[in-house]
Amino acid sequence: MLGSAPNGFRLISNSPAALEGYLGLNGALGKGALSAATRERIALAIANHNGCDYCNSAHTYLGKNLVKNGRRRACGKPRRKVDRP
């Protein structure tokens with residue numbers, strides 16, 4: 001699907017219990033009312049708000065390539081730079 005494991009999965013996979021819990025939570029949230037595209041837009045907005053370049057990059061890629069989001073604003077660069085303390 002991605003061709004590699006995201007760093008977060010690599011880290012959490014050191015604990016089988018943590019990985020199982022994360023995948024269970026992720027699976028449960030995937031069965032909700034929000035579409036995959038909407039979930040990626042939310043994740044990207046949070047990454048932009050938090051100023052996390054890694055998450056921004058990952059969710060931009062997911063939105064463009066896996067979800068086929070197609071919305072420039074949702075998958076492009078953040079609108080504004082967030083000042084972090």
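Being a predicted model, the structure only gives us computed values, none of them experimental.
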Report task. Can you spot which of Arg41, Glu40, Arg39 makes a side-chain contact (heavy atoms from CB on, under 4.5 Å) with His59? Result -> Glu40
Report summary line: d(Asn48 CG, Asn56 CG) to nearest 0.5 Å is 4.5 Å
**Report entry** Cluster check Leu34, Leu44: I/L/V/M/F/W/Y, side chain < 4.5 angstrom
**Finding:** no
Query raised in the report: When hydrophobic residues are tied together by side-chain contacts of less than 4.5 Å, even through go-betweens, does Ile42 share a cluster with Leu62?
Result: no
Report task. Assess the side chains of Ser35 and Thr38: does a donor N or O sit below 3.5 Å from an acceptor N or O? Result -> yes
Query raised in the report: Ignoring hydrogens and geometry, is there a side-chain-to-backbone donor-acceptor pair from Ser13 to Arg10 under 3.5 Å?
Result: yes
